[in-house]
Amino acid sequence: MLAIITVIAPVFALMALGYGAVRFRLFPADGIKSLIAFVNNFATPCLLFHSLLTSDFRSAFNLSIIVPFYAGALICFALGIFIAIKFFRNRPGEGVSAAFSGTFTNTVLVGLPIIQRAYGPEALPVTLSIIGLHGAILLTIGMLTMELVRRDGQSLGKTLIVAGKRVGSNPLIWGIAAGMIASFAGVTLIEPAEAFFVMMSQAVVPAALFGVGGALNEYKLSDSWKHALVASSIKLILHPAIAYGLMIWVFHVDMAIARYGILLSAMPVGVNAYIFATYYNRSVSVATNTVLITTLASAVTISGWLYILSL
């Protein structure tokens with residue numbers, strides 16, 4: 001247990017520092033958005049590019065890990081829609097948005113730092129093989145489902161175009177694509193370029209965690225906290241449980257590798273869930289509360305999963 005605390009304590013301490021800095025006006029609240037933009041648009045794409053270039057990505061692309069991760073996410077998405085409509089009496093569009101809030105994982109700002117801290121750089125190739133598909137798969141499925149169920153939906157063709165633009169304009173996708181192309185082409189970086197990407201990669205963890213902590217000041221609990229609590233339970237407990245069962249009991253993946261995908265599925269909800277809700281103006285309060293609850297509760301649940309994965 002001491003080893004687990006040693007892993008997660010610096011991570012959540014950086015989040016707490018970011019929260020306190022903004023809360024007590026030691027860091028400008030407006031600066032948090034710029035800091036996260038730096039992480040998402042510059043530092044993390046450099047990390048993704050460099051990690052894929054310097055690792056054997058082809059051997060890391062393991063369907064026995066990727067399929068269970070996304071199967072778990074889609075099962076949670078379907079269950080979330082059912083619960084939202086059946087038990088919380090949401091309209092279909094609201095149900096889809098609320099369910100998406102318990103589906104989209106914070107793979108970059110929280111997932112990468114914690115997995116790096118827990119398992120070291122050797123975990124990155126497998127982790128990145130999941131992250132590379134994350135936005136493309138879940139955003140597209142989420143948007144298509146929304147357009148199918150809401151009454152004021154637009155055509156599926158237009159939805160696919162919008163989803164494609166949102167995915168294609170993501171700098172994280174650029175970093176992954178460039179890294180894969182360079183890896184397959186056998187590119188070797190000269191020393192100054194290597195140093196540049198190493199320095200940019202090292203900026204991801206502290207900047208991302210400080211930014212997440214600072215951003216928590218924007219989220220407040222509202223009347224939708226009960227629904228958000230259910231969505232949070234689905235995300236933090238059910239998703240990794242499904243991933244665990246499929247990887248270990250169905251596909252018989254070695255725990256030494258499976259733990260990367262399982263732990264990634266146990267991460268809190270990403271801010272894209274909030275963006276999705278505001279884009280469609282449905283269940284925004286559920287999304288807001290789910291981001292807040294999962295981020296805070298993950299300090300406990302991630303510790304639990306780290307313990308289970310160490311057995």
(request) Using the rule that two of Ile, Leu, Val, Met, Phe, Trp, Tyr join whenever any of their side-chain heavy atoms come within less than 4.5 Å, decide whether L112 and V198 are in one cluster. (result) no

(request) Taking the side chain as every heavy atom from C-beta outward, state whether L264 and V126 have any atom pair closer than 4.5 Å. (result) no

(request) Report yes if the side chains of V204 and Q116 come closer than 4.5 Å at any heavy-atom pair, otherwise no. (result) no

(message) With side-chain contact (heavy atoms from CB on, under 4.5 Å) as the criterion, how do V269 and I293 come out once you've worked through the C-alpha distance, each side chain's angles and the decisive distance to 0.1 Å?
(response) CA-CA 9 Å; V269 173; I293 292 172; over 6 Å; no

(request) Determine whether the side chains of S224 and S285 contain a donor N or O and an acceptor N or O closer than 3.5 Å. (result) yes

(request) Enter the distance from I115:CD1 to I262:CD1 here, rounded to the nearest 0.5 Å. (result) 11.0 Å

(request) Compare all side-chain heavy atoms of M15 with those of V110 and state whether any distance is below 4.5 angstrom. (result) yes

(message) For the OG1 atom of T290 and the OH atom of Y274, what is their distance to the nearest 0.5 Å?
(response) 13.0 Å

(request) Would you please say whether a donor-acceptor pair under 3.5 Å links the side chains of T105 and K235? (result) yes

(request) Over all heavy atoms of both residues, which pair between N289 and A228 is shortest? Give the atoms and the distance, please. (result) CB-CB, 3.3 Å

(request) Please tell me if the side chains of M267 and I302 come closer than 4.5 Å, counting only heavy atoms from C-beta onward. (result) yes

(message) Nearest 0.5 angstrom please: T188 OG1 to L53 CG, how far?
(response) 7.0 Å

Please tabulate, one pair per line, all N/O donor-acceptor pairs under 3.5 Å involving side-chain atoms of residues 68-89, not counting sequence neighbours.
from : atom 1 : to   : atom 2 : distance (Å)
Y70  : OH     : I130 : O      : 2.5
Y70  : OH     : H134 : N      : 2.8
R89  : NH1    : K86  : O      : 3.4

(message) What I'd like to find out is whether the side chain of E218 reaches to under 4.5 Å of the side chain of L292, using heavy atoms alone.
(response) no

(request) For residues Y119 and L306, determine if any side-chain heavy atom of one lies less than 4.5 Å from a side-chain heavy atom of the other. (result) yes

(request) Enter the distance from S129:OG to L63:CG here, rounded to the nearest 0.5 Å. (result) 9.0 Å

(request) Begin with the C-alpha distance, continue with both residues' side-chain angles, and end with the deciding distance and a verdict on side-chain contact (heavy atoms from CB on, under 4.5 Å) for I242 and L238. (result) CA-CA 6 Å; I242 295 172; L238 183 60; 3.8 Å; yes

(message) Just verifying a value: how many Å separate T127 OG1 and E122 CD, rounded to the nearest 0.5 Å?
(response) 10.0 Å

(message) Are the side chains of V271 and Y219 in contact, using a 4.5 Å heavy-atom criterion?
(response) yes

(message) Return the CG to OG distance between L236 and S265, rounded to the nearest 0.5 Å.
(response) 10.0 Å

(request) I would like to know whether L139 and F100 meet side-chain contact (heavy atoms from CB on, under 4.5 Å); could you show each step before the answer? (result) CA-CA 9 Å; L139 278 175; F100 194 79; 4.0 Å; yes

(request) State yes or no: do W174 and I181 share one hydrophobic cluster built from I, L, V, M, F, W and Y residues joined by side-chain heavy-atom distances below 4.5 Å, directly or via other members? (result) no

Sequence neighbours left out, cut at 3.5 Å: what donor-acceptor pairs do the side chains of residues 36-50 make with other protein atoms?
from : atom 1 : to   : atom 2 : distance (Å)
N41  : ND2    : A37  : O      : 3.3
T44  : OG1    : V39  : O      : 2.8
H50  : NE2    : E194 : OE1    : 3.3
H50  : NE2    : E194 : OE2    : 2.8

(message) Do F104 and F276 land in one hydrophobic cluster if side-chain heavy atoms of ILVMFWY residues count as linked below 4.5 Å?
(response) yes

(request) Please answer: with hydrophobic residues joined when any side-chain heavy atoms are less than 4.5 Å apart, are L26 and L35 in the same cluster? (result) no

(message) Applying a strict under-4.5 Å side-chain criterion to I, L, V, M, F, W and Y, I'd like to know whether W225 and V286 cluster together.
(response) no

(request) Specify whether Y244 and W305 have parallel, tilted or perpendicular ring planes, treating 30° as the upper limit for parallel and 60° as the lower limit for perpendicular. (result) tilted

(request) Could you give me the CA-CA distance, side-chain angles and deciding distance for L124 and Y260, then say whether side-chain contact (heavy atoms from CB on, under 4.5 Å) is met? (result) CA-CA 9 Å; L124 284 181; Y260 306 150; over 6 Å; no

(request) Report yes if the side chains of V11 and V205 come closer than 4.5 Å at any heavy-atom pair, otherwise no. (result) no

